[in-house]
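Let me begin by presenting the structure, written as structure tokens, before commenting on it.
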Amino acid sequence: MSEDNVERNKRNFRRFQQEVVVGGDMSVVPELIAPQMRLLRSGDDSFVRLGGGEVPQERVITPDQFIRRYGEVIGKPKIHRRTIEAIHGEGDVIWARWKIEEEHDSDRYGVSPTGKLLTIDEAAMVRFDSQGRMIEGWFMQDPIEVLNQIGAKVTVEPGSEQ
């Protein structure tokens, strides 16, 4: 893959973060997500697991499914900023690390809204197709840090033996 494609992929990842996730412009989702994107891990998977839910090992989402899920899970926080702190690419893969600042104004994290300003570090490794659309993604954030910022009580109990 050429250097131009690597730069295009980095640019498209930035567009996804700013135009779609922060700006809520769903009209560009089909330009940025392939018809089927393999999602190996979502940033919110740990919250689902902490709440006792199950998360598939991997799943495939379409642009339409992303748009619906975004509205259900993320919605439109009053305050939501994302600052990409590092982004690197090689071949068809980019690695990025960014800071999210958002108001805790919903029960998205399993806790009633507190109005607190959260600062969340997130990282991703994303693979792109030949047209510069995301085709595979792995996203990671620290759920315990987010819950601590909200003021939620986090406890760990030993699991039962299998």
Side-chain angles (χ1 to χ4, degrees), residues 9-29 31-33 37-89 93-128 133-159:
N9 294 344
K10 289 173 16 179
R11 185 173 53 253
N12 283 352
F13 184 78
R14 286 184 183 99
R15 285 186 63 205
F16 176 75
Q17 291 294 319
Q18 294 305 319
E19 294 176 31
V20 176
V21 178
V22 174
D25 183 358
M26 298 299 137
S27 70
V28 298
V29 169
E31 295 174 40
L32 302 174
I33 294 179
M37 179 181 175
R38 186 171 161 230
L39 190 58
L40 300 171
R41 187 184 191 295
S42 167
D44 287 343
D45 285 357
S46 294
F47 291 102
V48 173
R49 288 185 184 103
L50 285 170
E54 291 199 23
V55 177
Q57 186 69 17
E58 64 179 69
R59 55 214 172 267
V60 174
I61 62 168
T62 66
D64 287 341
Q65 288 169 324
F66 172 84
I67 291 167
R68 269 194 314 279
R69 179 101 172 112
Y70 178 90
E72 293 168 3
V73 175
I74 297 176
K76 186 72 174 135
K78 293 179 188 82
I79 298 172
H80 192 156
R81 293 182 286 272
R82 290 179 175 227
T83 304
I84 294 178
E85 297 178 332
I87 188 166
H88 306 280
V93 176
I94 64 101
W95 300 265
R97 179 176 47 82
W98 61 97
K99 190 168 294 300
I100 303 167
E101 292 177 292
E102 68 180 24
E103 182 179 357
H104 180 232
D105 63 356
S106 72
D107 63 357
R108 175 175 172 208
Y109 300 113
V111 175
S112 297
T114 62
K116 292 181 178 182
L117 183 63
L118 307 178
T119 302
I120 304 164
D121 292 310
E122 189 164 18
M125 186 169 47
V126 180
R127 191 167 60 89
F128 290 79
R133 299 174 300 189
M134 295 184 292
I135 194 165
E136 186 175 77
W138 180 87
F139 297 82
M140 184 68 155
Q141 59 181 237
D142 182 351
I144 303 300
E145 175 59 30
V146 174
L147 293 171
N148 282 333
Q149 288 183 50
I150 293 170
K153 181 178 180 182
V154 179
T155 60
V156 178
E157 297 177 13

| query | Would H80 and V21 count as a side chain to side chain contact (heavy atoms under 4.5 Å, CB included) if you check the C-alpha gap in whole Å, the side-chain angles of each, and the deciding distance to 0.1 Å? | reply | CA-CA 9 Å; H80 192 156; V21 178; 4.0 Å; yes
Is there a donor-acceptor contact under 3.5 Å from the side chain of [X] to the main chain of [Y]?
X    : Y    : result
Q17  : V22  : no
Q149 : T119 : yes
K99  : T83  : no

Minimum heavy-atom distance [X]-[Y], with the two atoms named:
X    : Y    : value
L32  : R15  : CD2-NH1, 3.8 Å
K10  : I94  : CG-CG2, 3.6 Å
V60  : Q65  : O-OE1, 3.6 Å
A124 : F13  : CB-CZ, 4.4 Å
V111 : A152 : CG2-CB, 3.9 Å
P63  : I33  : CG-O, 3.5 Å

Could you grab the distance from atom [atom1] of [X] to atom [atom2] of [Y], nearest 0.5 Å is fine?
X    : Y    : atom1 : atom2 : result
I100 : L118 : CD1   : CG    : 9.5 Å
M37  : T62  : CE    : OG1   : 12.0 Å
L147 : E145 : CG    : CD    : 9.5 Å
R97  : H88  : CZ    : NE2   : 7.5 Å
H104 : I79  : NE2   : CD1   : 13.0 Å
I61  : R68  : CD1   : CZ    : 10.5 Å

Side chain proximity check, [X] to [Y], heavy atoms < 4.5 angstrom:
X    : Y    : result
F16  : V126 : no
D121 : D142 : no
R81  : L117 : yes
I87  : W98  : no
R133 : F128 : no

| task | Kindly determine whether L40 and E136 satisfy side chain to side chain contact (heavy atoms under 4.5 Å, CB included), including the steps that lead there. | result | CA-CA 7 Å; L40 300 171; E136 186 175 77; 4.0 Å; yes
